[in-house]
Each structure stands twice: as C-alpha cells, then as structure tokens.
Amino acid sequence: MDFSLTDDQRAIEEAARAFAEAEMAPHSARWDEEKHFPVNVLRKAAELGFAGLYVAEDVGGSGLSRLDASIVFEALSYGDVAVSAFISIHNMAAWMIDRFGADELRRRYLPKLTAMEFIASYCLTEPGSGSDAAALGTTARKDGGDYVLNGSKAFISGAGTSDVYVVMARTGGPGPKGISAFVVEKDAPGLSFGGQEKKMGWNAQPTAQVNFDDCRVPEENRIGAEGDGFRFAMAGLDGGRINIASCSLGGAQLALDTARAHLETRKQFGQALKEFQGLQWRLADMATELEAARLMVRRAADALDKRDPKATQYCAMAKRFATDAGFEVANQALQLHGGYGYLRDYPLERIVRDLRVHQILEGTNEIMRVITARELLRQ
C-alpha cells in the first residue's frame, strides 16, 4: 500500500487549495451571512475542470478518478464547506448523465454542465420519503413522446437556481424497480419551486422544494432504461458519500488549524494554552481522528475506482466515520476557543453549522450503519 499522493495528485490538490484560498475563503463569512449563492465562483471552478471531475473528456469532463475528486473536495472545503458541497452535488448529477445516459443526451447537456453554463441538481428525496427513498411517490406517466411528471421533491440543493434537475420518478410498480431517472430543464412546463428553506447551515447554497404539476419531459430525456433509475441513483450516492465525507475533512482541517493557532497565541494563568497537557491531548485526539477519517475516505474512493465488490460498504463506512469525526473535530475546536468560538468573527461556528448536515444528507449516518450491517451479514 502506498499512502503518498502522486505528483499529479499533489498538483491537483495545490490547484484546488489555491482556488479555495483566493476565491472562496475571503468571502465565506459574507456568503453565509447574506445567504448568497456564488454562481460566478462556481463557473470559475469549472474553468479548472472542477464541474465535471469524473465525467468523460469527450464531453468536456476532466476524466479524473474518485480519489482525485476526493482530494479536490477536501481542498475546496478548506475555503468554504457549503459551496464545495454544492459542487459535489453538481458533479454527481453530471456523472449520472455521463455514465448512464444515451450518447445524444450526454452530448446535449454535459458540455454545458462541465462548463457550469448549466448548473445541476439531484432530486431523489421527497417530503414523505427520505431514508426510505425507494418508496418515492413522484410519478412519470408516458404520454405519446413525453413523460408527464407529478409530485414533489424536498431539500433540493440549487432548487430555483439550477438549470437542470436529475429526477427520480416512478414509471412502474412499487419498490426500486419501478423507478426511472430523467433530466428536467428549469423552464419545463409544470415545473415550479417552493420557498427557500431557512437552514441551520449551508446558507451559501439555496435549498427548496421542487414541484411537478403535469410537468412534460421529452422521452429522450430519460436516463437509461425504464426501471433503472433507482440503481443509477444509488450508484451516484456511492460517489456522493465519498465527496461529502471529503468536504467534512476539509472543513474539519480548517477548524483544527484554527484551534492550533489559537492554542499557540492565547494565554491563560500566565502561560500559553499550548502548554497545558490536557489541551495538547485534546488537539492530538482531534488530529488522530481526522487522519483516520482521511485514510478511510481515500480507501473507499480507491475501492470505488477499482470497482471493488465491497465499494458500497466502504463508502458507507467512510461517510459515517468521516462526517461524525469531522463534526466532532469542529465542535471541539469551537470549545477550545471558549466564548470566542461562539462568535461569528471566528469561522468555527460556521464550520460546525455547515458540517452538521453532512451526518444527514447522502443517506443519514443511521442508514450508513444499515448498509454496512447488511453487507456484513450477507457475507
């Protein structure tokens, strides 16, 4: 096993870290405060190839590995967690079109998606089906050369701003085999959006309900065959879980570095905080947990690249561990700052708020345990 990055991976990491430092970090607090979605910055990220990281090169993608993408998302999240997480969602939607869509569909949408001329959202969760995603109720009824969609999707990142929505809808009977996937454009008749959700974190990206009221979608916008949509969605989530875990790593690393600097400069009882052994141990535990999480995430990403039969299990395990560890590291960093950590003048409270949702989305961490146990007991 080789745990070092290649020269190419180091170059990718440096490019992403430089972009985060120049284009994201200086504005992160303001974006959160003003609930501003920085579309212009997303398009600058696309110029570096970050909008189609593992999309094929023939349609404008970067053709990188999942491990490469993990490195990118960790580096970007050091600048802003919420914006980086949205770039992950965009990549997941673009990859589904690239991996499972017909060539005509790929060539129609992916050049615009990889340039962020079009922004994409992923639509699976519904008001009545979250963890039980296979029970979704949005329907897609065939009508001539179109499908007519009816239903709603909840908690959709980018809703109302995104140009393209990758939507899972029921074309057949109950259960996962009755679900198909579609590309729906923002101006499709019958498509509308709810009001913006008022959230604890992730304020630098919009979140709203997506509604379909006799929304007509051309048949050629179906991704793959009827009945395969749930399988596509789950395949997308394997990579999405690696990405969101990587975003937790980046945010937690910023929190750790901020806490370390605080211990080095802050004095209490006549000596620097870094001289107190109890605080040294806490910092050591934070660093250890973060490094363990990083190793698990990169192991899972490598398994996904190699199509390891255990990749889904490894992705679930890594997502659970890294998002739990990332949140705890950020929360401990806030605690080490005392009252200052609770102030918006410091980045800790924002990092804590942004990382908290990572334990819920892309499958809750309870569902990650279900997946892991199911795979273990199947052996």
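Since the model is a prediction, treat every value here as computed from it, not as a measurement.
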K.L.:
Please name all residues satisfying side-chain hydrogen bond (donor to acceptor under 3.5 Å, both in side chains) with Asp143, sequence neighbours left out, ordered by chain then number.
P.N.:
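Scan of Asp143 (side-chain hydrogen bond (donor to acceptor under 3.5 Å, both in side chains), adjacent residues dropped) gives Arg216.
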K.L.:
Which atom pairs, donor and acceptor, lie under 3.5 Å between side-chain atoms of residues 40-54 and protein residues at least two apart or in another chain?
P.N.:
{"unit_1": "Arg43", "atom_1": "NE", "unit_2": "Met116", "atom_2": "O", "d": "2.7"}
{"unit_1": "Lys44", "atom_1": "NZ", "unit_2": "Glu23", "atom_2": "OE1", "d": "3.3"}
{"unit_1": "Tyr54", "atom_1": "OH", "unit_2": "Asn243", "atom_2": "ND2", "d": "2.9"}

K.L.:
Do the charged groups of Arg298 and Asp302 touch, with an N to O distance under 4.0 Å?
P.N.:
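So Arg298 does not pair with Asp302 through a salt bridge.
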K.L.:
Would you say Lys142 has more than 12 foreign heavy atoms packed within less than 6.0 Å of its NZ?
P.N.:
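Atom NZ in Lys142 is crowded, with more than 12 foreign heavy atoms closer than 6.0 Å.
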K.L.:
Got a sec, which pairs hit salt bridge (Lys or Arg N to Asp or Glu O under 4.0 Å) with one end in residues 271-290, sequence neighbours left out?
P.N.:
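Qualifying pairs, neighbours excluded: none.
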K.L.:
With sequence neighbours excluded, what pairs up with Glu126 under the side-chain contact (heavy atoms from CB on, under 4.5 Å) test?
P.N.:
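Result, side-chain contact (heavy atoms from CB on, under 4.5 Å) vs Glu126: Ser129, Leu136, Thr138, Lys153.
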K.L.:
What residues form a salt bridge (Lys or Arg N to Asp or Glu O under 4.0 Å) with Lys35, not counting sequence neighbours?
P.N.:
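For Lys35 there are no salt bridge (Lys or Arg N to Asp or Glu O under 4.0 Å) partners, ignoring immediate neighbours.
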K.L.:
Listed by chain and number, what are the side-chain contact (heavy atoms from CB on, under 4.5 Å) partners of Asp228, not counting sequence neighbours?
P.N.:
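Once residues adjacent in sequence are excluded, the partners of Asp228 under the side-chain contact (heavy atoms from CB on, under 4.5 Å) criterion are Ala225, Arg231, Phe232.
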K.L.:
Which residue pairs satisfy the side-chain hydrogen bond (donor to acceptor under 3.5 Å, both in side chains) criterion with at least one member in residues 192-201, sequence neighbours excluded?
P.N.:
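The answer is Lys199-Thr207.
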K.L.:
Return all side-chain donor-acceptor pairs below 3.5 angstrom for residues 93-101, not counting sequence neighbours, or 'none' if the list is empty.
P.N.:
{"unit_1": "Asp98", "atom_1": "OD1", "unit_2": "Arg106", "atom_2": "NE", "d": "2.8"}
{"unit_1": "Asp98", "atom_1": "OD1", "unit_2": "Arg106", "atom_2": "NH2", "d": "2.9"}
{"unit_1": "Asp98", "atom_1": "OD2", "unit_2": "Ala56", "atom_2": "N", "d": "2.9"}

K.L.:
Considering only residues two or more places apart or on different chains, which pairs with a residue in residues 182-206 satisfy ring pair (Phe, Tyr, Trp, His ring centres under 6.0 Å)?
P.N.:
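Those involving residues 182-206 are Tyr147-Phe182, Tyr165-Phe193, Trp202-His358.
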K.L.:
Determine which pairs satisfy ring pair (Phe, Tyr, Trp, His ring centres under 6.0 Å) with at least one residue from residues 274-310, sequence neighbours left out, and list them in order.
P.N.:
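Listed by first then second residue: nothing to list.
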K.L.:
For Asn150 and Thr139, which I'm curious about, is there any donor-acceptor pair between the side chains at under 3.5 Å?
P.N.:
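Side chains of Asn150 and Thr139: no pair found under 3.5 Å.
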K.L.:
Kindly list each side-chain donor-acceptor pair under 3.5 angstrom involving residues 337-345, sequence neighbours excluded, with atom names and distances?
P.N.:
{"unit_1": "His337", "atom_1": "ND1", "unit_2": "Ala333", "atom_2": "O", "d": "2.9"}
{"unit_1": "Arg344", "atom_1": "NH1", "unit_2": "Glu33", "atom_2": "OE1", "d": "2.9"}

K.L.:
Quick one: list whatever passes side-chain hydrogen bond (donor to acceptor under 3.5 Å, both in side chains) with Asp7, sequence neighbours left out.
P.N.:
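So Asp7 forms no side-chain hydrogen bond (donor to acceptor under 3.5 Å, both in side chains) with any residue.
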K.L.:
Would you say the side-chain atoms of Thr372 and Arg320 include a donor-acceptor pair closer than 3.5 Å?
P.N.:
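Looking only at side-chain atoms, Arg320 and Thr372 do not form any donor-acceptor pair under 3.5 Å.
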K.L.:
Check the side chains of Asn331 and Gln335 for a donor-acceptor pair under 3.5 angstrom, ignoring hydrogens and angles.
P.N.:
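Their side chains do not contain a donor-acceptor pair, so the 3.5 Å distance test is not met.
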